[in-house]
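Note sheet for the following structure.
Counting starts at 1 for both ligands and their atoms, following the listed order. Since we're looking at a predicted model, the values are computed, not measured. Both backbone and side-chain heavy atoms feed into the values below; hydrogens, waters and symmetry mates do not.
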Amino acid sequence: MNFALVTGAVINTGVAIVEKLAAEGLNVVFTGRDAAKVAAAEANYRTKFPDVSILGYAIDSHKEDGSFDEESVIRMFEALDEKDILLNAVVLNAAHQGLNQTFLESPLSEFLAVLNTNVTWNYCFAREAAKRMIPQGGGSITFINSNTAYRTIADRTSYITSKGGQLGLMRSLALDLGKYNIRVNAVLPGMIRTQRWIDNPGFYAKNPCRFTPLGDVAEGADVADAVWYFISAARNTTGAELVVDGGNTIQMFPNVPEDL
Ligand SMILES: NC(=O)c1ccc[n+]([C@@H]2O[C@H](COP(=O)([O-])OP(=O)(O)OC[C@H]3O[C@@H](n4cnc5c(N)ncnc54)[C@H](OP(=O)(O)O)[C@@H]3O)[C@@H](O)[C@H]2O)c1
């Protein structure tokens, strides 16, 4: 049976992506790190979308000792093979946010953990997915990147480096996998209204990133719509970057209302 795979989909944007794909009639495998949270999310999705198959999988980019975990990605794909799950769309949404790190003080291990999750782990997912898409005649791989790959923000060196690297990975895979009819693209959100936004209304009320030409930030559903475009309608598009940030990136200065 054909499925889409979405990583990091027990909270926030990943949930919006799973819900969009399921609403469009796709069966979905999703991941989270915590088995109990994955089970709860799986039950919610199944109740909400009874006409499609939804399967959750608990997986972390790192082992408990902090070392990178390539084997668990391989095991996960082998487990999907055993269930005869064929993946024709993969959405690499999970990310290590690299918060509370500073360039001068933070240990190198923290920088590497962010790069491992946002670049190396996605490399492993894309490789395992591509191996299976090739005999199926093709597929779609979409990275959820960030407009911070273009314009930097303070004290996020590891995250921003990882998102820049991820764009290089995306382009490289688009080139190498095109001959197999595997399309590889990226959605670049600006600020998304996640639970962090809801929990910190004072911070976000005056955050310059919300003063976009369109006057708002993205909802998870806006990101999900862009993902759906790449999966469903972009037959001749690969190596592309679709920015979903209300026009934030094209500004020299934030578009702050005069009455603020
Ligand atoms: N939020 C924004 O404003 C914003 C802006 C631009 C781009 N983005 C990008 O959009 C995507 C979604 O953002 P979001 O804010 O919705 O993400 P989020 O709330 O931080 O959730 C990220 C997901 O990634 C998983 N994850 C984190 N570290 C992991 C690790 N080491 N191994 C495996 N999974 C891991 C988390 O798992 P758990 O559920 O177990 O914690 C979670 O499900 C990300 O790629 C992010 O970089 C977000």
Side-chain angles (χ1 to χ4, degrees), residues 5-20 30-42 44 56-64 66-70 72-73 76 90-100 109-110 112-125 142-153 156 158-167 169-170 186-200 203-204 207-210 212 216-224 226-227 241-246 248-249:
L5 167 70
V6 184
T7 62
V10 301
I11 49 166
N12 294 331
T13 314
V15 172
I17 296 169
V18 170
E19 292 191 344
K20 172 69 180 175
F30 70 94
T31 77
R33 284 179 295 181
D34 181 89
K37 287 182 187 168
V38 168
E42 185 185 71
N44 282 340
Y57 200 96
I59 183 168
D60 196 315
S61 62
H62 290 80
K63 298 176 188 169
E64 276 183 21
S67 61
F68 180 68
D69 195 354
E70 177 188 12
S72 71
V73 179
M76 176 181 160
V90 170
V91 184
L92 298 167
N93 168 74
H96 189 322
Q97 300 290 340
L99 298 171
N100 306 316
S109 57
E110 290 188 6
L112 292 174
V114 176
L115 259 67
N116 273 343
T117 303
N118 298 356
V119 180
T120 318
W121 202 55
N122 285 331
Y123 172 102
C124 295
F125 266 84
T142 307
F143 289 86
I144 307 302
N145 194 262
S146 169
N147 67 355
T148 58
Y150 294 162
R151 302 265 193 278
T152 193
I153 53 177
R156 298 289 295 279
S158 58
Y159 178 79
I160 286 157
T161 305
S162 75
K163 290 296 182 176
Q166 198 184 80
L167 277 190
L169 174 63
M170 181 277 289
V187 177
L188 282 72
M191 183 65 75
I192 306 167
R193 206 182 327 273
T194 60
Q195 194 60 40
R196 285 188 292 277
W197 180 290
I198 295 157
D199 293 343
N200 297 287
F203 173 72
Y204 286 108
N207 193 309
C209 66
R210 67 176 276 246
T212 67
D216 201 2
V217 301
E219 302 287 349
D222 299 319
V223 178
V227 168
E241 297 159 22
L242 179 48
V243 179
V244 181
D245 71 351
N248 186 37
T249 312

**Asked** If you draw a 6.0 Å radius around CD in E64, do more than 12 non-hydrogen atoms from other residues or ligands fall strictly inside?
**Response** no
**Request:** Measure the distances from the heavy atoms of R196 to every atom of ligand 1 and state whether one is below 4.0 angstrom.
**Result:** yes
**Asked** Taking atom NZ of K63 as the centre, does the number of heavy atoms from other residues, nucleotides or ligands within less than 6.0 Å exceed 12?
**Response** yes
**Request:** Please round to the nearest 0.5 Å and tell me the distance separating atom CG of N147 and atom NZ of K163.
**Result:** 10.5 Å
**Asked** What residue and atom, counting heavy atoms only, is the protein's closest point to atom 47 (O) of ligand 1, and at what distance?
**Response** Y159 OH, 2.5 Å
**Request:** May I ask you to identify the nearest protein heavy atom to atom 19 (O) of ligand 1, giving residue, atom name and distance to one decimal place in Å?
**Result:** N12 ND2, 2.7 Å
**Request:** Test side chain to side chain donor-acceptor pair (under 3.5 Å) on Q166 and N118 and set out the steps.
**Result:** CA-CA 7 Å; Q166 198 184 80; N118 298 356; 5.6 Å; no
**Residue-ligand contact K163/ligand 1, heavy atom below 4.0 Å** = yes
**Asked** Looking only at heavy atoms, which two atoms of V114 and S158 are closest? And how far apart?
**Response** CG2-OG, 3.4 Å
**Asked** Has N147 got any heavy atom lying under 4.0 angstrom from an atom of ligand 1?
**Response** no
**Prompt:** Nearest heavy-atom pair of L167 and Y150: which atoms, and what distance?
**Reply:** CD1-CE2, 4.0 Å
**Request:** Going by the side-chain contact (heavy atoms from CB on, under 4.5 Å) test, name the single residue among L5, T7, V38 that passes it with F30.
**Result:** V38
**Request:** Any chance you could measure M170, atom CE, to L92, atom CG, to the nearest 0.5 Å?
**Result:** 12.0 Å
**Request:** Check whether any N or O atom of A95, backbone or side chain, sits under 3.5 Å from an N or O atom of ligand 1, and answer yes or no.
**Result:** yes
**Prompt:** Can a non-hydrogen atom of G220 be found less than 4.0 Å from any atom of ligand 1?
**Reply:** no
**Prompt:** Between W121 and ligand 1, which residue portion shows a heavy-atom distance shorter than 4.0 Å: side chain, backbone, both, or neither?
**Reply:** side chain
**Item:** For ligand 1, the portion of T194 having any non-hydrogen atom under 4.0 Å away
**Value:** side chain
**Request:** Evaluate the ring planes of F68 and H62, with Trp represented by its six-membered ring, and classify them as parallel (under 30°), tilted (30 to 60°) or perpendicular (over 60°).
**Result:** perpendicular
**Message:** Considering both backbone and side-chain atoms of I192, is one of its nitrogen or oxygen atoms within less than 3.5 Å of a nitrogen or oxygen in ligand 1?
**Reply:** yes
**Prompt:** If hydrogens are left out, which of G190, G98, A113, A149 has an atom nearest to atom 5 (C) of ligand 1, that is, the closest non-hydrogen atom?
**Reply:** G190
**Request:** List the closest protein heavy-atom neighbour of atom 21 (O) of ligand 1: residue, atom name, distance to the nearest 0.1 Å.
**Result:** I11 CD1, 3.8 Å
**Request:** Let me know which of V73, L115, D60, N116 forms a side-chain contact (heavy atoms from CB on, under 4.5 Å) with W121.
**Result:** V73
**Distance from atom 25 (C) of ligand 1 to nearest protein heavy atom, with residue and atom** = A94 CB, 3.8 Å
**Message:** One pair to check against side chain to side chain contact (heavy atoms under 4.5 Å, CB included): T212 and D245. What are the steps and the verdict?
**Reply:** CA-CA 8 Å; T212 67; D245 71 351; 5.9 Å; no
**Prompt:** Counting heavy atoms only, which part of N145 comes closer than 4.0 Å to ligand 1: side chain, backbone, both or neither?
**Reply:** backbone
**Item:** I144 N/O to ligand 1 N/O under 3.5 Å
**Value:** yes
**Item:** Residues, nucleotides or ligands: over 12 heavy atoms within 6.0 Å of Y204 OH
**Value:** yes
**Prompt:** Counting from 1, what ligand 1 atoms have a heavy atom of S61 closer than 4.0 Å?
**Reply:** 30 (C), 31 (N), 32 (N), 33 (C)
**Asked** For ligand 1, which part of T13 has a heavy atom less than 4.0 Å away: the side chain, the backbone, both, or neither?
**Response** both
**Item:** Ligand-side contact atoms (ligand 1) for residue partner V10, heavy atom cut-off under 4.0 Å
**Value:** 39 (O)
**Prompt:** F143 near ligand 1, heavy-atom distance under 4.0 Å?
**Reply:** no
**Message:** Once rounded to the nearest 0.5 Å, what's the spacing between atom CD1 of I59 and atom CG of D34?
**Reply:** 14.0 Å
**Message:** Residue-level breakdown please: for N93 versus ligand 1, do any non-hydrogen atoms fall below 4.0 Å on the side chain, on the backbone, on both, or on neither?
**Reply:** both
**Request:** For ligand 1, find out whether one of its N or O atoms is nearer than 3.5 Å to an N or O atom of H62.
**Result:** no
**Complete:** Between the CG atom in N122 and the OG1 atom in T117, the distance rounded to the nearest 0.5 Å is 8.5 Å
**Message:** If you measure every N or O of T31 against every N or O of ligand 1, does any of those distances drop under 3.5 Å?
**Reply:** no
**Prompt:** For atom 20 (O) of ligand 1, which of Q195, M191, Q97 has the closest heavy atom?
**Reply:** Q97
**Asked** Nearest to atom 38 (P) of ligand 1, what protein heavy atom do you find, and at what distance?
**Response** R33 NE, 3.6 Å
